[in-house]
Amino acid sequence: MCGALRASDAGKKAVLMGWVNRRRDLGSIIFIDLRDRTGVTQVVFNRENSAAHDKAEQLRNEFVIAVIGTVKLRDKDTVNKNIATGEVELIVEELRILNDSKQLPFLPGDTVLPNEEMRLKYRYIDLRRDAMQFNIETRHKVSKAIRDYLSSQGFFEIETPFMTRSTPEGARDYLVPSRVQPGSFYALPQSPQMFKQILMISGFDKYFQIVRCFRDEDFRADRQAEFTQIDLEMTYPRVETVWGVVEGFLTAAFKAAGVDIKTPFPRMSYDEAIRKYGNDKPDMRLPAMVDIREALTPEELEELTTKFRMRKEFPVQLIRIPHAGDISGTERRTIGTYGAYNHVQGPAFVQLMTDPKRFAKDYAALSEKVAAFAKVEADDLWLLAGAANKPENAAVMDQDVQHFCEKCGFLRLDLAQKYASKHKAFEKIGDVAKDYRFLWVSDFPMFDWEKEEKAWMPAHHPFTTLHEEDFAKLEANIDSARDPKSPLGEIRALAYDVVLNGTELGSGSIRIHRQDVQRKIFQALGMSDEEAKARFGFFLEALEYGTPPHGGIALGLDRIVMILTGAESLREVIPFPKTARAVDLMVDAPSPATEKQLKELGLLIKKAT
RNA sequence: GGGGACGUAGUUCAGUUGGUUAGAACGCUGCCCUGUCACGGCAGAGGCCGCGGGUUCGAGUCCCGUCGUCCCCGCCA
């Protein structure tokens, strides 16, 4: 292989096959960098071998060739330290051109990348690039390590159907029309949720699957129409049992990629995550926000909130960007301008104090106290965010503390992005403990209030169980599905997320295994028996036949590999990804169906007007 | 559904307050070159300035629309 030859191979005969990565034609001597998956070797055509040399003059970029020759140790001054095979070269005796190539839209060996549209259209060329080969290799190693680990722990990998029916995941389904039953559709699974629970009922007490899932929503850098999950489920687990399994296979997966992570991961409640980070998937590489109210006397708080027109019954969050250094006055004034950043949009119900220098001048004692309380360091950039005190604006006054914290959390992230080159928290430094900040977030709310539906909906999915001590609260408020003020919002689920560097890697829960509890949840959701039966009848029936307690989790394989390879988007770690509009630019999918296909399926296309 | 960025040789980009023949680098073609490794030198080919409309004496540049790509909000456990 092109990456295999070493100094110890000198003198041996060798056959290499690969692509012409680059040619350097010096007249009587021609150098070709020959490339395959394993690397690059320099092959040499001398004039002495005129047959091979003459043929080599025809070689162009990305021709596929075979060369037979002798491995030669390079002279000391011609060694190339940049490549693994740099100590040797192959002196060619015979050249065979296995295939030519017309001019390519871009070259795998190019130093500048073409834009993504081009890369996706000619994905087969893009995938030849070193970086993509590395990403796909890492992906293979990671999934193999996970398979091996889970198998060693007694898990069976079991396949579940792709052509199935809608599951209660909340996202839009991709539908597949049935030919034999016109008018009926299969749904592609958003996750194998109900099947894996059925497998628990079926006695396969430890299941996993590395499985494709499909969601028809809008896409982002970290969201694709089809993506791969490491899905698992087990019987009789406590929350910690599931966490242990996940920590185990992640350790194996990261080790396969050369990273030794430490377990157990830190833990945090959903409540704390929102309060301190304004986010349910906190990026622990950045400092938490600090509510500075408790550092102040009531008089000081009054003074501060009056001065900056903040509401004192809301947190006053100190947001700190480490080592941002001095920034200009203009920058300080525009720092909280809405729309200036990616995340923060909408009405300004966050009131900012963005000029700590001036604050220190006007209120020296107060400023010092606040900075000390939040452990601000000398070259940190910091600002205070409070809830805007504008009684004339009802929309602003209507917001709750959680919403306020989330806005602050967005601001925290936007600022961190803006000053990334200064604090360098997003750059990998080779210190595993700082490069990979894992976190378990638990005790998610059981129900979310959905404004559009004007009802409480499951925050996770309706098969998630709740904290035992919150059971009374559920029973007391079981008929308040349409009351936005209902204490249903306070009920905590036995649900958890695993988070890495601000990315949600996976989400899971302990499930409901008793039919009576399940019925109560549906009742609390305002769902009638008939409706529940129509949607999940088969599943509810299965629950009645001796269902063991069970729970599990699913993690995004693509996201894991993305973070491990340092990729900026999922598209870098998925061989054939789709664009933000869910188009595959290489095969040009989706595409219209033919009249014949539509007729067979009993479908009529309503023309867009 | 909404906000933002972008679209100019094969590719990556530059193109000034609207002004003559739209440039560079890499790639491509030909020639020269025996130690290069992002080889070098000389010569050359290559453009519906995304598409459609408008303003103007004149549009790559200004305006409107449209298509496409990317990032974000909403949405998505």
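Since this is a predicted model, take the numbers as computed values, not measurements. All values below were derived from every heavy atom in this structure, side-chain atoms included, with hydrogens, water molecules and symmetry-related copies excluded.
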Rounded distance (Å) that lies between atom [atom2] of [N] and atom [atom1] of [X]:
{"X": "A:His461", "N": "B:C76", "atom1": "NE2", "atom2": "C1'", "answer": "15 Å"}
{"X": "A:Arg119", "N": "B:U12", "atom1": "CZ", "atom2": "P", "answer": "11 Å"}
{"X": "A:Leu555", "N": "B:A77", "atom1": "CG", "atom2": "P", "answer": "16 Å"}
{"X": "A:Lys407", "N": "B:G74", "atom1": "NZ", "atom2": "C1'", "answer": "10 Å"}
{"X": "A:Asp126", "N": "B:U69", "atom1": "CG", "atom2": "P", "answer": "16 Å"}

Residue list, ring-ring contact (aromatic ring centres under 6.0 Å, His included) with [X], at least two apart or on another chain:
{"X": "A:Phe134", "answer": "none"}
{"X": "A:Phe214", "answer": "A:Phe162"}
{"X": "A:Phe219", "answer": "none"}
{"X": "A:Phe249", "answer": "none"}

Hey, can you pull the donor-acceptor pairs under 3.5 Å for the side chains in residues 440-447 of chain A, sequence neighbours left out?
residue  : atom : partner  : partner atom : Å
A:Trp440 : NE1  : A:Glu247 : OE2          : 2.9
A:Asp443 : OD1  : A:His467 : NE2          : 2.5

Open item on the list: What I want to check is whether an N or O donor and acceptor connect the side chain of A:Glu89 with the base of B:G35 at under 3.5 Å.
Closed with: yes
TODO: Confirm from the modelled atom types if A:Arg215 and B:C76 form a donor-acceptor pair under 3.5 Å, side chain to base only.
DONE: no
Can you check the distance between [N] and [M], where both ends of the measurement are the [atom1] atom (answer in whole Å)?
{"N": "B:G10", "M": "B:G50", "atom1": "P", "answer": "13 Å"}
{"N": "B:G27", "M": "B:G46", "atom1": "C1'", "answer": "11 Å"}
{"N": "B:A24", "M": "B:G44", "atom1": "P", "answer": "12 Å"}

Do any N or O atoms of the protein come closer than 3.5 Å to N or O atoms of nucleotides 65-67 of chain B, and which pairs are they?
none

Open item on the list: For a quick check, with a 4.0 angstrom heavy-atom cut-off, what is the B/S/- contact string for nucleotides 39-46 of chain B, read 5' to 3'?
Closed with: B-------
Selection from [options] that lies nearest to any side-chain heavy atom of [X]:
{"X": "A:Asn46", "options": "B:A77, B:C37, B:U34", "answer": "B:U34"}
{"X": "A:Thr579", "options": "B:A77, B:U69, B:C75", "answer": "B:U69"}
{"X": "A:Arg60", "options": "B:U69, B:C73, B:U29", "answer": "B:U29"}
{"X": "A:Arg571", "options": "B:C71, B:U34, B:C73", "answer": "B:C71"}
{"X": "A:Ser569", "options": "B:C71, B:U36, B:C75", "answer": "B:C71"}
{"X": "A:Asn80", "options": "B:G1, B:C72, B:C37", "answer": "B:C37"}
{"X": "A:Thr78", "options": "B:C75, B:C37, B:U69", "answer": "B:C37"}
{"X": "A:Arg220", "options": "B:G27, B:A38, B:C72", "answer": "B:C72"}

Task: Any pair counted as salt bridge (Lys or Arg N to Asp or Glu O under 4.0 Å), so long as it reaches residues 501-513 of chain A, sequence neighbours left out - done: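 For residues 501-513 of chain A: A:Glu233-A:Arg511.
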TODO: Report the base-pairing partner of B:C39 (Watson-Crick or G-U wobble, both distances below 3.5 angstrom), or none.
DONE: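 B:C39 is paired with nothing.
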Task: Qualifying residues under side-chain hydrogen bond (donor to acceptor under 3.5 Å, both in side chains), relative to A:Arg22, sequence neighbours excluded - done: none
- [ ] Have a look at A:Asn115 and say if it touches a base, only the backbone sugar-phosphate, or nothing, with a 4.0 Å heavy-atom cut-off.
- [x] sugar-phosphate
TODO: Report which part of the nucleic acid A:Glu450 touches: base, sugar-phosphate, or nothing (heavy-atom distance under 4.0 Å, all strands).
DONE: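 Result for A:Glu450 = nothing.
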Task: A:Gln402: partners by side-chain contact (heavy atoms from CB on, under 4.5 Å), with sequence neighbours left out - done: A:Tyr270, A:Ile274, A:Asp400, A:Glu406
Open item on the list: Within the 3.5 Å criterion, strictly below it, is a donor on A:Thr41 or A:Glu89 matched to an acceptor on the partner's side chain?
Closed with: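 Checked: A:Thr41/A:Glu89 side chains show no N/O donor-acceptor pair below 3.5 Å.
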Open item on the list: Looking only at the side chains, is there a donor atom on one of A:Gln42 and A:Arg24 sitting less than 3.5 Å from an acceptor on the other?
Closed with: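 Yes - a donor-acceptor pair under 3.5 Å links their side chains.
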TODO: Please lay out, stage by stage, how A:Phe463 and A:Phe536 fare under the test ring pair (Phe, Tyr, Trp, His ring centres under 6.0 Å).
DONE: CA-CA 11 Å; A:Phe463 309 132; A:Phe536 321 116; 5.4 Å; yes
Task: Side-chain donor/acceptor of A:Asp25 to backbone N/O of A:Gly27, under 3.5 Å - done: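 A pair under 3.5 Å: yes.
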Output one line per pair: protein atom, nucleotide atom from nucleotides 4-10 of chain B, and distance, for all N/O pairs under 3.5 Å.
residue : atom : partner  : partner atom : Å
B:G10   : O2'  : A:Pro105 : O            : 3.3

Open item on the list: Contact list please: residues 489-513 of chain A against RNA chain B, heavy atoms, distance less than 4.0 Å, in numerical order.
Closed with: A:Glu504, A:Ser507
Open item on the list: Any salt bridge linking A:Asp9 with A:Arg6? Criterion: basic side-chain nitrogen under 4.0 Å from a carboxylate oxygen.
Closed with: no
